[in-house]
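These notes concern the structure reproduced below.
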Amino acid sequence: MAFDIEMIKKVYDNLDAKVNAARKVVNKPLTLTEKILYAHLWDGEASTAYERGKSYVDFAPDRVAMQDATAQMALLQFMQAGRPQVAVPSTVHCDHLIQAKEGADKDLATANNQNKEVYEFLSSVSNKYGIGFWKPGAGIIHQVVLENYAFPGGMMIGTDSHTVNAGGLGMVAIGVGGADACDVMAGLAWELKFPKLIGVKLTGKLSGWTSAKDVILKVAGILTVKGGTGAIVEYFGEGANSLSCTGKGTICNMGAEIGATTSIFGYDAKMADYLRGTGRADVAAMADKVAAHLTGDAEVYANPEQYFDQVIEINLSELEPHINGPFTPDLAWPLSKFAAAVKEAGWPAKLEVGLIGSCTNSSYEDITRAASIAQQAVDKNLVAKSEFTITPGSEQVRYTVERDGYLKIFENMGGVVLANACGPCIGQWARHGAEKQEKNSIITSFNRNFAKRADGNPNTHSFVASPEIVTAMAIAGDLTFNPATDTLTNSKGEQVKLDEPKGIELPIKGFAVEDAGYQAPAEDGSKVQVLVSETSDRLQLLEPFKAWEGTDLSGLKLLIKAKGKCTTDHISMAGPWLKFRGHLDNISNNMLIGAINFFNEKADSVKNQLTGEYGSVPATQRAYKAANIGSIVVGDENYGEGSSREHAAMEPRHLGVRAILVKSFARIHETNLKKQGMLALTFANPADYDKIQEDDTIDIIGLTSFAANKPLSIVLNHADGSKDEISVNHTYNEQQIEWFKAGGALNIIRASVK
Ligand code: MIC
Ligand code: SF4
């Protein structure tokens with residue numbers, strides 16, 4: 001950790017000069033986001049003001065964090081960059097590959113056994129290249145980062161969309177694909193379009209059943225899953241200062257669900273408390289000295305409309321608890337309206353399972369608040385009607401809440417404590433009976449509730465709420481129960497009401513842990529060997545993708561015209577496929593199997609234009625590849641929303657898809673496509689989506705003069721001999737066009753090494 005302190009010190013030592021330089025060029029009061037961004041310019045001090053939403057800017061992040069399911073691909077790429085050590089402090093966290101089945105101990109043992117090869121690979125690559133390694137069981141990446149590495153005013157990228165969690169500790173923390181992480185670890189700049197700024201002013205104070213989670217559930221309802229695209233959300237106001245640091249983390253974490261680049265809060269007393277409570281009093285003391293630069297200017301917060309592109313105001317005193325869902329995280333229902341919504345829509349009112357925890361809601365405060373509800377089940381003779389699981393975010397939190405007696409309370413209510421890992425949140429849930437695909441409801445304190453995500457069952461209606469609401473609902477076993485107003489019948493036949501939750505922000509006796517699960521890298525890793533067996537079905541060394549052939553692309557087949565929501569879970573499903581995250585060819589067998597074919601409304605059934613027969617998407621694409629024919633994928637709005645997994649871009653690349661043409665993209669996915677040498681295109685006129693026919697053969701014109709800000713055109717050759725020519729936009733800048741030409745960004749790094 002000494003390494004870190006030096007790095008943080010350097011950031012703070014330079015902050016004054018950098019913020020002042022930014023002040024000169026921007027020439028008006030600065031938001032916090034601008035201060036941090038301008039303080040992390042690759043070229044040093046600011047010499048020009050950037051245009052929000054327009055200018056591409058090179059940044060120098062301070063840290064990189066990777067989780068096991070994405071680290072494999074990131075590090076397979078990094079290994080080809082030819083560097084002896086990572087250029088910035090980096091860590092790997094083993095959290096996504098642990099399946100939840102019987103409870104923490106057994107599940108962890110099974111995971112260690114089943115994923116041995118992958119864990120050994122990650123541990124040895126980390127050891128070799130100077131990367132800190134957090135073993136399976138140590139906890140979920142974002143919680144571990146918050147507890148150990150995040151610091152106010154810093155900038156971090158991470159290969160997971162919920163990297164944004166660290167905004168709760170005042171950091172600009174952004175989710176990226178593995179190729180971006182690879183660049184930064186290789187000592188290169190990291191490029192981002194200078195974001196737009198959304199200000200969220202929080203007034204009042206939370207009380208009763210309402211918690212920090214409800215702030216983001218409400219914001220998701222206002223902005224929807226794409227409303228934050230291209231923007232950083234900055235929270236401020238007296239309400240912001242009253243939220244615990246981990247509560248701020250929850251808000252920033254789930255900000256990934258509105259497509260925001262990241263979210264952030266300014267440094268305050270709650271953050272200082274959290275830093276001290278997690279053994280970093282030295283960081284707090286350093287931050288205190290530069291505190292003025294770790295929050296937005298007073299003028300900005302006094303007149304936010306003048307400085308932000310959009311302003312939202314939420315009064316915490318009036319905010320109701322919210323429940324969002326099903327199937328999308330932005331369908332927001334205030335608790336008082338939820339029961340009616342359930343009845344009207346005909347969603348299953350019987351609640352099967354309540355799940356609390358995950359990277360976003362497993363703080364000491366969350367656990368103690370939920371436990372205060374669980375304890376009442378026992379005290380008031382209530383028997384929980386639903387199954388109930390608890391996923392602690394880190395071993396430090398788990399150990400501490402166990403020591404303080406909280407896990408016992410959940411167990412007394414019938415709860416099962418799962419491993420400190422993603423588990424059910426990422427479909428790593430061996431849920432009993434899910435294969436029957438029965439219509440049912442679950443409620444979680446996680447982030448995402450896309451179809452099939454938790455248990456693979458498309459008929460599971462998944463709702464998102466705070467841990468305390470989830471706990472109350474699990475006791476009632478009924479989604480139409482409103483804990484704030486309704487009573488329940490206990491085992492003695494009495495009507496009882498649940499009291500409001502009560503929590504403790506930070507453990508009174510302090511955090512404790514026996515083995516946090518950290519492995520420091522070797523001082524000199526040059527002798528460490530990294531082995532990848534040629535016969536492995538879990539890991540595969542990468543072959544460079546082919547460079548562009550130098551011509552327009554013609555004769556491409558339409559692989560699929562996807563209809564409606566097409567998230568990264570639809571493009572490259574997680575759950576059972578997670579085991580292939582280090583093996584590009586094997587994981588490519590899940591390509592787009594969740595996407596709905598516009599022409600027959602079915603998943604994983606597309607027409608093979610060579611045979612006229614319908615087959616699975618990956619098999620059809622493999623047939624085109626074998627015949628040396630390129631293809632194109634067409635999609636709807638916000639294509640690629642959700643995860644940072646670059647597999648969603650690498651699989652089509654590997655199988656020979658040449659372009660993805662959609663109405664709009666989610667940010668991380670668009671960049672991932674560019675990095676891998678794909679064409680990411682958008683309809684200039686979204687209605688042209690309707691012109692795409694099932695038997696189209698497609699040409700992409702204009703590539704020989706491919707240039708920034710210059711649309712390309714696409715010719716649709718229809719089966720009846722008619723044609724349509726449409727204009728398509730792109731957001732490639734000069735450098736990204738070079739990635740396309742080279743066949744992927746990594747080919748450029750490779751060439752620079754040799
Ligand atoms: C998720 O929440 O979807 C994940 C799993 O954490 C992903 C990363 C992945 O696909 O490995 C994310 O959000 O980026
Ligand atoms: Fe893991 Fe879920 Fe958090 Fe993603 S959102 S990091 S899967 S706990």
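In each ligand, atom 1 is the first atom listed, and ligand 1 is the first ligand listed.
Centroid-to-centroid, the aromatic rings of F133 and Y518 stay 6.0 Å apart or farther.
When each atom of ligand 1 is checked for a heavy atom of R581 under 4.0 Å away, the hits are 9 (C), 10 (O), 11 (O).
With a heavy-atom cut-off of 4.0 Å, D160 touches ligand 1 through backbone and side chain alike. Proximity of R453 to ligand 1, defined as any heavy-atom pair under 4.0 Å, is confined to the side chain (atoms from C-beta onward). Residue contacts with ligand 2, taken as heavy atom pairs separated by less than 4.0 Å, involve H142 solely via side-chain atoms from C-beta onward.
The closest approach between a heavy atom of R453 and any atom of ligand 2 is below 4.0 Å.
Checked against a 3.5 angstrom limit, the closest N/O atoms of T159 and ligand 1 fall outside it. Between R645 and ligand 1, at least one N/O pair is under 3.5 Å apart. Every N/O-N/O distance between T70 and ligand 1 stays at or above 3.5 Å.
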> Would E257 and M254 count as a side-chain contact (heavy atoms from CB on, under 4.5 Å) if you check the C-alpha gap in whole Å, the side-chain angles of each, and the deciding distance to 0.1 Å?
Replying inline: CA-CA 5 Å; E257 269 45 73; M254 203 181 158; 3.9 Å; yes
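Screening the protein for N, O or S atoms under 2.8 Å from atom 2 (Fe) of ligand 2 yields 1; no waters enter the count.
Between Y364 and F511, the ring planes are perpendicular. Angles over 60° get that label, and only those under 30° would be called parallel.
In this structure, a donor-acceptor pair under 3.5 Å is absent between the side chains of T568 and H570.
Looking only at heavy atoms of the protein, atom 8 (C) of ligand 1 is closest to Q67 NE2, 3.1 Å. The protein heavy-atom contact nearest to atom 7 (C) of ligand 1 is S643 OG, 3.2 Å. For atom 13 (O) of ligand 1, the closest non-hydrogen atom of the protein is S161 OG, 2.5 Å.
Under a cutoff of 6.0 Å and an axis angle of 45°, R538 and F580 do not form a cation-pi pair.
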